[in-house]
Participant: 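Just passing along the structure, written as structure tokens.
Computed from a predicted structure; not experimentally measured. As a basis for the values below, the full set of heavy atoms in this structure was taken, side chains included, without hydrogen atoms, waters or symmetry mates. Residue numbering restarts at 1 for every chain, and letters A, B, ... go by the order of the sequence lines.
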Amino acid sequence: MKLHIHDTLKREKVEFVPKNPERVTLYVCGPTVYSYAHIGNARPVVVFDVLFRLLRNLYGEAHVVYARNITDVDDKINKAASDQGVDISVITNRFADIYNADMRALGALEPTLQPRVTHNMQAIVRQIQAIMDNGHAYAAEGHVLFDVESYRAYGALSNRSLDDMIAGARVEVAPYKKNPQDFVLWKPSKENEPEWQAPWGAGRPGWHIECSAMIEANLGLPIDIHGGGHDLIFPHHENEIAQGVCAQHSHGVQGHNPAEYARYWMHNGFLNFGTEKMSKSLGNVKLVHEMIKETPGEVLRLALLSAHYRAPLDWNGDLLDQTRARLDGLYGTLRKFADVAVREVVTPAGVLEALCDDLNTPRALAELSALARVLETAETEAARIMAKSDLLAAGLALGILQGDADAWFKAGASEDLTATVEGLLAERAAARAAKNWAESDRIRDALNALNVEVMDGPGGASWKLKVGA
RNA sequence: GGCCUGAUGGCGGAGCGGUUACGCACCGGAUUGCAAAUCCGUGAAGCCCGGUUCGACUCCGGGUCAGGCCUCCA
């Protein structure tokens with residue numbers, strides 16, 4: 001099956017053809033680890049996790065290399081470390097671990113590589129030097145700056161010209177810049193801030209160079225797919241391209257080809273929070289770390305996948321309620337057929353087709369519903385085995401439905417409660433066997449009072465913890 | 001000012017130039033001791049104004065509204 005993706009650079013949906021199908025490379029911009037990740041940060045993680053799963057499906061697990069960096073050098077990190085009087089590694093290690101745990105809770109697979117800036121300082125220095133050697137950067141007052149006018153394709157990704165940008169002119173003006181749009185590759189550290197040695201003076205890397213250098217060092221240029229939030233298109237990704245291309249060779253009179261850096265670009269849309277913006281000043285920042293205490297990570301994940309990744313997604317309580325209800329339905333089906341065997345996992349064609357169409361997760365979800373219905377209505381055991389296998393395989397492609405179905409409904413129930421419920425259920429089973437309906441209903445009322453909902457089935461009663469009670 | 005998205009039924013959200021998306025909620029029926037779950041079914045849409053077309057939610061033009069980027073940002 002052919003994968004088609006929307007390429008930000010070409011601004012259209014194109015067929016994806018990897019440079020080397022034996023080694024498909026994907027890079028997604030990861031977090032700066034100075035604080036907790038919010039739910040908006042999680043959208044690209046979940047979206048590109050689905051892409052990672054799809055690529056592994058199409059090209060084989062061993063043939064996909066997915067890198068998501070950890071940025072552990074940054075002003076905000078410096079500030080946090082200084083405020084707390086600790087080394088930056090104390091901050092970065094702590095929040096990198098929390099970040100990884102939070103993303104795991106959202107069902108994201110671990111990337112193949114998680115390069116860190118501090119571990120790639122030599123590669124960064126090397127790439128900056130290469131850009132300078134190729135005549136695309138210059139040193140000035142301890143800084144190294146990229147010379148945007150030397151790179152003809154600057155603006156190709158974000159569709160803007162240097163003239164437009166000068167018109168906007170909201171860029172930092174500095175006397176040592178040849179052009180206001182020139183951006184920093186290397187800068188001196190302030191006093192008491194960490195610094196690294198470089199030929200043009202001790203200091204630290206600029207914002208954009210880390211990604212292009214880590215990509216070159218860890219994945220090799222060009223990579224196949226580069227992803228991130230669409231706010232990163234400019235300036236971050238635009239600058240990455242300039243760096244990555246110009247690090248490879250001089251571009252005196254030759255054409256400038258952005259594809260020498262990354263062959264396809266994918267960007268996810270933003271989350272909306274009603275009329276309000278999510279911001280620290282409004283105090284409405286939704287941290288994944290906090291949300292997973294209240295809501296199963298799987299619900300958050302599916303909610304993030306409920307709209308197409310490029311579309312804006314309104315994030316609100318209704319969305320979570322509806323997603324929860326949908327997941328309850330799917331897990332309910334799986335619980336009902338818990339005893340049905342599962343055969344080899346092969347992603348159903350309908351789901352694969354939907355995902356191969358620029359990661360159309362809403363359509364994939366529709367396929368999932370159809371598969372659940374097939375399982376519910378299957379008339380033979382063979383059909384049930386096939387249907388259940390399809391449903392689980394479809395879930396795997398999206399990173400959902402892999403948990404124990406019974407446990408899904410009982411999540412949050414203490415051992416004491418479970419014991420109490422099982423006891424009452426045994427009494428009720430006896431009452432029902434004796435057709436003592438009054439006693440049976442009395443026990444059910446008692447269970448309801450415990451926030452437990454009972455469901456009688458042919459194989460006996462099952463129960464679940466009521467949500468939101 | 002420049003660039004870029006989006007506007008679909010009560011809600012979420014896809015595809016498609018002419019035929020049921022799907023999910024959540026609701027309603028009717030089947031089933032159940034009663035419920036729940038499940039199944040079957042009904043109802044419900046395409047911001048506004050033009051244009052193209054035999055026919056447009058779907059293409060084109062204009063408008064309105066909302067959001068994003070241009071500065072740290074998923």
Participant: Which parts of residues 424-444 of chain A get close to RNA chain B, meaning a heavy atom less than 4.0 angstrom away?
Facilitator: Arg428(A), Arg432(A), Trp437(A), Ser440(A), Asp441(A), Arg444(A)
Participant: Given the C1' atoms of G15(B) and G9(B), what is the spacing between them in whole Å?
Facilitator: 16 Å
Participant: Take Arg428(A) and Asp456(A), measure what salt bridge (charged side-chain N to carboxylate O under 4.0 Å, His left out) needs, and give me the verdict at the end.
Facilitator: CA-CA 11 Å; Arg428(A) 184 165 172 276; Asp456(A) 293 318; 2.9 Å; yes
Participant: If a pair means Watson-Crick or G-U wobble with both distances below 3.5 Å, what does RNA chain B look like in dot-bracket form, with | marking bases paired to a different strand?
Facilitator: (((((((..(((.....[...)))..((((.......)))).....(((((..]....))))))))))))....
Participant: Rounding to the closest angstrom, what is the interatomic distance between U64(B) and C57(B) at atom P?
Facilitator: 23 Å
Participant: Under 3.5 Å, sequence neighbours excluded: what are the donor-acceptor pairs made by side chains of residues 183-191 of chain A?
Facilitator:
| unit_1 | atom_1 | unit_2 | atom_2 | d |
| --- | --- | --- | --- | --- |
| Trp186(A) | NE1 | Gly201(A) | O | 3.0 |
| Ser189(A) | OG | Pro194(A) | O | 2.8 |

Participant: Write out a two-atom table: protein N or O, nucleotide N or O from nucleotides 57-61 of chain B, distance below 3.5 Å.
Facilitator:
none

Participant: Using the P atoms only, state how far G46(B) lies from A21(B), rounded to an integer number of Å.
Facilitator: 13 Å
Participant: Need one value for His308(A): base, sugar-phosphate or nothing, where a base atom within 4.0 Å counts as base even if backbone is also close, heavy atoms only.
Facilitator: sugar-phosphate
Participant: Roughly, in whole Å, what's the span from CG in Leu319(A) to P in C11(B)?
Facilitator: 15 Å
Participant: Do other residues, nucleotides or ligands put more than 12 heavy atoms under 6.0 Å from the CD atom of Glu110(A)?
Facilitator: no
Participant: Atom OH of Tyr34(A) and atom C1' of C72(B): how far apart are they, to the nearest Å?
Facilitator: 8 Å
Participant: State whether Glu439(A) and Arg442(A) are salt-bridged, where the test is any N-O pair (Lys NZ or Arg NE/NH1/NH2 against Asp/Glu carboxylate O) under 4.0 Å.
Facilitator: yes
Participant: On the six-membered ring of Phe234(A), is Arg160(A) placed so that its NZ or CZ lies under 6.0 angstrom from the centre and within 45° of the ring axis?
Facilitator: yes
Participant: So what does Val45(A) hit on the nucleic acid, given a heavy-atom distance under 4.0 Å: a base, only sugar-phosphate, or nothing?
Facilitator: nothing
Participant: Write out a two-atom table: protein N or O, nucleotide N or O from nucleotides 4-6 of chain B, distance below 3.5 Å.
Facilitator:
| unit_1 | atom_1 | unit_2 | atom_2 | d |
| --- | --- | --- | --- | --- |
| C4(B) | OP1 | Asn159(A) | ND2 | 3.1 |

Participant: Can you tell me, in whole Å, how much space there is between the C1' of G63(B) and that of A44(B)?
Facilitator: 29 Å
Participant: Between C22(B) and G43(B), how far apart are the two P atoms, rounded to whole Å?
Facilitator: 13 Å
Participant: Whole angstroms only, please: what is the CG-P distance between Asp318(A) and C11(B)?
Facilitator: 10 Å
Participant: Whole angstrom is fine here: how far is it from CG in Leu302(A) over to C1' in G13(B)?
Facilitator: 12 Å
Participant: Spell out protein contact along nucleotides 21-29 of chain B as letters: B when the base is contacted, S when just the sugar-phosphate is, - when no protein heavy atom is under 4.0 Å; keep the 5' to 3' order.
Facilitator: BSBB-----
Participant: Indicate yes or no: does Asp75(A) engage Arg204(A) in a salt bridge with an N to O separation below 4.0 Å.
Facilitator: yes
